[in-house]
2 protein chains.
Amino acid sequence: MATRRHDPDRRNRIIEKTLEVIAENGVAGTTHRKVARRADVPLGSMTYHFADLDELLREALTLHAMRIAERHDARLSAAATLDELIEAIVDFIHVDVDGSPHELVLTLELYTLAARQPAFRAITHAWMQQSRRALERFVDAETAFDVDAIIEGLYIHASLDQLTRTRDSTARAIRRLLG
Amino acid sequence: MATRRHDPDRRNRIIEKTLEVIAENGVAGTTHRKVARRADVPLGSMTYHFADLDELLREALTLHAMRIAERHDARLSAAATLDELIEAIVDFIHVDVDGSPHELVLTLELYTLAARQPAFRAITHAWMQQSRRALERFVDAETAFDVDAIIEGLYIHASLDQLTRTRDSTARAIRRLLG
DNA sequence: CCACCATGTGTACGATCGTACATTAAGGCC
DNA sequence: GGCCTTAATGTACGATCGTACACATGGTGG
């Protein structure tokens, strides 16, 4: 029998690999066995570290949400003027759409779970709240909600439709929305 | 053995019931057996009418998309002035959010599939195209894209976050976006 | 150095699924 | 009215899954 690996952050690696499996196979196609294989971990290690599959999915998608939220925060923090704010928002949409197609899949999988299960809705709720709060450094709460919404809509529509939209037209929409 | 039922639009009823099953259990929890039970149809009838589960899902979600698209078209067609256009758009968001929570689930399930499978992306593509085209009766193509996007974003964020947003604040956002 | 206990692992079980396919019922045609 | 084509159905098979759980293992306190 293979000697047991001393493997301190095995738990984190499992979570990490879970995101890859979700991105490739969807939540529906994510199984203990697939994740275990990819993380190079015995099957029994799954139920040892996570009570059940749902807990694993929750932890993985929480990590996903927090990562994106923090990246957005970082972009906004760097902005000082209103023009830089607009530039940062345009980056949300265009850089992320072109950069990592995996993120769209993960985000939509999360939303889908959130629509039916409160435990996952808590994740999206915290995410959106953090996102709006970051925008509220620049604009009032109502406008922050609008801007956050159009970021979401543009991101989804541009990704799913694979239309080439110019940064300029996105910037125009944001500028209009800022009032 | 039960006599065979003469059942002319059994196929349509199956599709209809499939939408209910998806709404309740998600695509992942939608099985031949669950749909068959709900449509009061033998299991064998599933593979007789549909080549496989994917075909069933595609037909069901196509129906869902076309229904919403037509409802939106009808609302827009009734609008003559710009104010009525805005009112119609606000109805998209507020009436639909409050009215039928099932639709959010179905829509997000569709988007999730679309993010990974071209066959489902074709459904969302046709839907979005029809939606934009309806808006282009009132505004230029670029603005139509923006408005369509913010409808999407407001719909998702308002639904998932269950925030009570006033029709007025939504109307304000749309008015700003129209330029 | 040894015994014990927390940590980690392999396997097996019961459930569920998609789908194939042999079988049955129905109704038109002679 | 009987036959035969076609529409419809019931069942069974192989695969896969989540999870439980008995067992192995290695570090550690005595």
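Just so we're on the same page: letters track the sequence lines, and every chain starts at 1.
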Q: In this structure, how many angstroms lie between the C1' atom of D:dA8 and the CZ atom of B:Phe50, rounded?
A: 14 Å
Q: Is the distance from OP1 or OP2 of D:dA7 to the nearest side-chain N or O of B:Arg11 less than 4.0 Å?
A: no
Q: Please report the closest heavy-atom contact between B:Asp54 and B:Gln117, naming both atoms and the distance.
A: OD2-OE1, 3.6 Å
Q: Passes side chain to side chain donor-acceptor pair (under 3.5 Å), A:Asp148 versus A:Ser131? Steps please.
A: CA-CA 7 Å; A:Asp148 201 37; A:Ser131 180; 2.7 Å; yes
Q: Set out, line by line, the N/O atom pairs under 3.5 Å between protein and nucleotides 19-21 of chain C.
A:
residue: C:dT19; atom: OP2; partner: B:Leu53; partner atom: N; Å: 3.2

Q: What is the distance from atom CG of B:Leu56 to atom OG1 of B:Thr18, rounded to the nearest 0.5 Å?
A: 3.5 Å
Q: Starting at NZ of A:Lys34 and ending at C1' of D:dA15, how long is that distance when rounded to a whole Å?
A: 13 Å
Q: For C:dT9, does either OP1 or OP2 sit under 4.0 Å from a side-chain N or O belonging to A:Ser45?
A: yes
Q: Nearest whole angstrom, please: distance from the P of C:dG10 to the OH of A:Tyr48.
A: 15 Å
Q: Please tabulate, for side-chain N and O atoms in residues 136-145 of chain A, each donor-acceptor pair with protein atoms closer than 3.5 Å (sequence neighbours left out).
A:
residue: A:Arg137; atom: NH2; partner: A:Leu76; partner atom: O; Å: 3.1
residue: A:Asp140; atom: OD1; partner: A:Thr143; partner atom: OG1; Å: 2.7
residue: A:Asp140; atom: OD2; partner: A:Glu142; partner atom: N; Å: 3.3
residue: A:Asp140; atom: OD2; partner: A:Thr143; partner atom: N; Å: 3.3
residue: A:Asp140; atom: OD2; partner: A:Thr143; partner atom: OG1; Å: 3.4
residue: A:Glu142; atom: OE1; partner: B:Arg172; partner atom: NH2; Å: 3.4
residue: A:Thr143; atom: OG1; partner: B:Arg172; partner atom: NH2; Å: 3.2
residue: A:Thr143; atom: OG1; partner: B:Arg176; partner atom: NH1; Å: 3.3

Q: Please name the pair of heavy atoms, one in A:Arg10 and one in A:Pro42, separated by the smallest distance, quoted to 0.1 Å.
A: NH1-CD, 3.9 Å
Q: Counting distance only, does the side-chain N/O of B:Asp168 pair as donor-acceptor with the main-chain N or O of B:Ala171 below 3.5 Å?
A: no
